[in-house]
Amino acid sequence: QVQLVESGGGLVQAGDSLRISCAASGRTFSSCAMGWFRQAPGKDREFVAAITSTGTNTVYEDSVKGRFTISRDNAKNTAYLQMNSLKPEDTAVYYCAARRSYWYSTKANEYSYWGQGTQVTVSS
């Protein structure tokens, strides 16, 4: 069992930066690929970024490439999403997710564990 808790969300202005974190419980974090997803009001949950269990490989949704960076610290059982040059369309609840595999997935239904989400609001 992996429990995930996101933190670091908030209200920022367009162009600002924000880093959100995902703290995991248990001793299996280092064997889990991690993903970040987001859900805006009235929209489906969408993939944002993912990272392999060792942190060697990452993948991003096109609209966040070059602005967002996913990373992880397995010694701290924590994953991060650094978000730069934020835009109002980035406003959403951001969720981290874990799957017991080396490789990530861009599909939400391939992740077994989810956090409760953290709200990110970007004002124009």
Side-chain angles (χ1 to χ4, degrees):
Q1 189 76 4
V2 179
Q3 293 184 322
L4 305 173
V5 178
E6 300 96 336
S7 62
L11 172 63
V12 297
Q13 294 186 331
D16 284 352
S17 297
L18 194 65
R19 188 178 79 162
I20 56 178
S21 302
C22 174
S25 66
R27 292 176 286 182
T28 59
F29 178 77
S30 62
S31 63
C32 291
M34 299 296 296
W36 284 98
F37 293 78
R38 65 187 179 187
Q39 188 166 19
K43 295 188 177 181
D44 293 334
R45 189 170 299 190
E46 67 173 1
F47 170 74
V48 176
I51 189 167
T52 51
S53 63
T54 59
T56 303
N57 296 92
T58 59
V59 63
Y60 298 91
E61 192 269 330
D62 285 347
S63 70
V64 307
K65 281 181 182 176
R67 299 190 299 122
F68 290 11
T69 302
I70 187 172
S71 62
R72 64 188 299 158
D73 185 339
N74 285 350
K76 295 183 178 180
N77 278 11
T78 303
Y80 305 96
L81 186 67
Q82 175 68 44
M83 303 181 289
N84 298 331
S85 301
L86 282 161
K87 303 176 181 180
E89 51 263 44
D90 294 319
T91 295
V93 177
Y94 283 72
Y95 299 89
C96 68
R99 66 191 300 258
R100 290 195 177 184
S101 172
Y102 171 81
W103 279 107
Y104 49 65
S105 172
T106 62
K107 300 177 181 179
N109 62 7
E110 294 186 355
Y111 287 83
S112 301
Y113 307 101
W114 290 83
Q116 82 290 347
T118 187
Q119 177 70 49
V120 173
T121 303
V122 184
S123 64
S124 57

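Quick note: numbers below take in every heavy atom, side chains included, and nothing from hydrogens, waters or symmetry partners. What you see is a predicted model; the values in this text were computed from it and never measured.
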Trainee: Checking side-chain contact (heavy atoms from CB on, under 4.5 Å) for the pair Met83/Val120: CA distance, chi angles, key distance, verdict?
Mentor: CA-CA 10 Å; Met83 303 181 289; Val120 173; 3.9 Å; yes
Trainee: Mind checking disulfide (SG to SG under 2.5 Å) for Cys22 and listing every partner two or more places apart, or none if nothing turns up?
Mentor: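 Here the qualifying residues are Cys96.
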Trainee: Identify, with sequence neighbours excluded, every residue that meets salt bridge (charged side-chain N to carboxylate O under 4.0 Å, His left out) alongside Lys65.
Mentor: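 Residues passing salt bridge (charged side-chain N to carboxylate O under 4.0 Å, His left out) with Lys65: Asp62.
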Trainee: Applying a strict under-4.5 Å side-chain criterion to I, L, V, M, F, W and Y, I'd like to know whether Trp36 and Val93 cluster together.
Mentor: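 The answer is no; the residues belong to distinct hydrophobic clusters.
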Trainee: Would a distance-only check, ignoring hydrogens and angles, find a side-chain to backbone donor-acceptor pair under 3.5 Å from Arg67 to Ser85?
Mentor: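 It does hold such a pair.
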Trainee: Looking at residues at least two apart in the chain, or sitting in another chain, which of them share a ring pair (Phe, Tyr, Trp, His ring centres under 6.0 Å) with Phe47?
Mentor: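 With neighbours one apart ignored, the set is Phe37.
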Trainee: Is Ile70 linked to Leu86 within one hydrophobic cluster, defined over Ile, Leu, Val, Met, Phe, Trp and Tyr using a side-chain heavy-atom separation of less than 4.5 Å?
Mentor: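 Yes, one cluster joins them.
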Trainee: Are Tyr80 and Val64 in one and the same hydrophobic cluster, where Ile, Leu, Val, Met, Phe, Trp and Tyr link if side-chain heavy atoms are under 4.5 Å apart?
Mentor: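 No, it is not one cluster - the side chains of Tyr80 and Val64 are not joined through contacts under 4.5 Å.
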Trainee: Write down the atom of Tyr111, the atom of Gly35, and the distance for their closest heavy-atom approach.
Mentor: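 For Tyr111 and Gly35, the tightest heavy-atom pair comes out as CE2-N, 3.6 Å.
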Trainee: Checking Thr121 now: which residues fulfil side-chain contact (heavy atoms from CB on, under 4.5 Å) with it, not counting sequence neighbours?
Mentor: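 Once residues adjacent in sequence are excluded, the partners of Thr121 under the side-chain contact (heavy atoms from CB on, under 4.5 Å) criterion are Leu11, Thr91, Gln119.
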Trainee: Considering only residues two or more places apart or on different chains, which pairs with a residue in residues 88-110 satisfy ring-ring contact (aromatic ring centres under 6.0 Å, His included)?
Mentor: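 Sorted result for residues 88-110: empty, none.
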Trainee: With Glu110, which residues qualify under side-chain contact (heavy atoms from CB on, under 4.5 Å), at least two apart?
Mentor: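 With neighbours one apart ignored, the set is Arg99, Ser105, Lys107.
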Trainee: Of the non-hydrogen atoms in Ala49 and Leu81, which two are nearest, and what is the gap between them?
Mentor: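 In terms of heavy atoms, the two residues are closest at CB-CD1, 4.2 Å.
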Trainee: Give a yes or no answer on whether the side chain of Gln39 reaches the backbone of Ala92 with a donor-acceptor pair at less than 3.5 Å.
Mentor: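 No.
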Trainee: If you measure from OG1 on Thr52 to CE on Met34, what distance do you get to the nearest 0.5 Å?
Mentor: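 Spacing of OG1 (Thr52) from CE (Met34) equals 12.0 Å.
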Trainee: Going by the disulfide (SG to SG under 2.5 Å) test, which pairs reach into residues 35-72, not counting sequence neighbours?
Mentor: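 Every candidate disulfide (SG to SG under 2.5 Å) pair involving residues 35-72 fails, so no pair, neighbours aside, qualifies.
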Trainee: Just by distance, do the side chain of Ser30 and the backbone of Asn74 share a donor-acceptor pair under 3.5 Å?
Mentor: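 Here the side-chain-to-backbone pair does not exist.
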Trainee: If you look only at distance, which donor and acceptor atoms sit under 3.5 Å apart when one is on a side chain in residues 12-20 and the other is two or more places apart or in another chain?
Mentor:
residue : atom : partner : partner atom : Å
Asp16   : OD2  : Gln13   : N            : 3.1
Ser17   : OG   : Asn84   : OD1          : 2.9

Trainee: Where is the tightest heavy-atom contact between Ser31 and Ser53, given as atom of each residue plus distance?
Mentor: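 Minimum heavy-atom contact is C-CB, 3.8 Å.
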Trainee: Return the set of residues passing salt bridge (charged side-chain N to carboxylate O under 4.0 Å, His left out) with Arg100 (not counting sequence neighbours), or none when no residue passes.
Mentor: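 Arg100: no salt bridge (charged side-chain N to carboxylate O under 4.0 Å, His left out) contacts found.
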Trainee: Do Trp114 and Arg45 come close enough that some side-chain heavy atom pair is under 4.5 Å?
Mentor: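 A side-chain contact under 4.5 Å exists here.
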Trainee: Under the side-chain contact (heavy atoms from CB on, under 4.5 Å) test, which residues partner Ala23, sequence neighbours left out?
Mentor: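 Ala23: side-chain contact (heavy atoms from CB on, under 4.5 Å) contacts with Thr78.
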Trainee: Can you list the steps and then say if Phe68 with Glu61 is a side-chain contact (heavy atoms from CB on, under 4.5 Å)?
Mentor: CA-CA 9 Å; Phe68 290 11; Glu61 192 269 330; over 6 Å; no
Trainee: Could you state the interatomic distance from CD (Glu89) to OG (Ser124), rounded to the nearest 0.5 Å?
Mentor: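 Rounded to the nearest 0.5 Å, the CD-OG separation comes to 10.0 Å.
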Trainee: Main chain of Glu6, side chain of Thr118: is a donor-acceptor contact present, judged purely on distance under 3.5 Å?
Mentor: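 The answer is no, because no donor-acceptor pair under 3.5 Å joins these two groups.
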Trainee: Show me the pairs that pass disulfide (SG to SG under 2.5 Å) and involve residues 23-71, at least two apart or across chains.
Mentor: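 For residues 23-71, and leaving out neighbouring residues, there are no disulfide (SG to SG under 2.5 Å) pairs at all.
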Trainee: Partners of Glu46 by salt bridge (charged side-chain N to carboxylate O under 4.0 Å, His left out), sequence neighbours excluded?
Mentor: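 Salt bridge (charged side-chain N to carboxylate O under 4.0 Å, His left out) list for Glu46, sorted by chain: Arg38.
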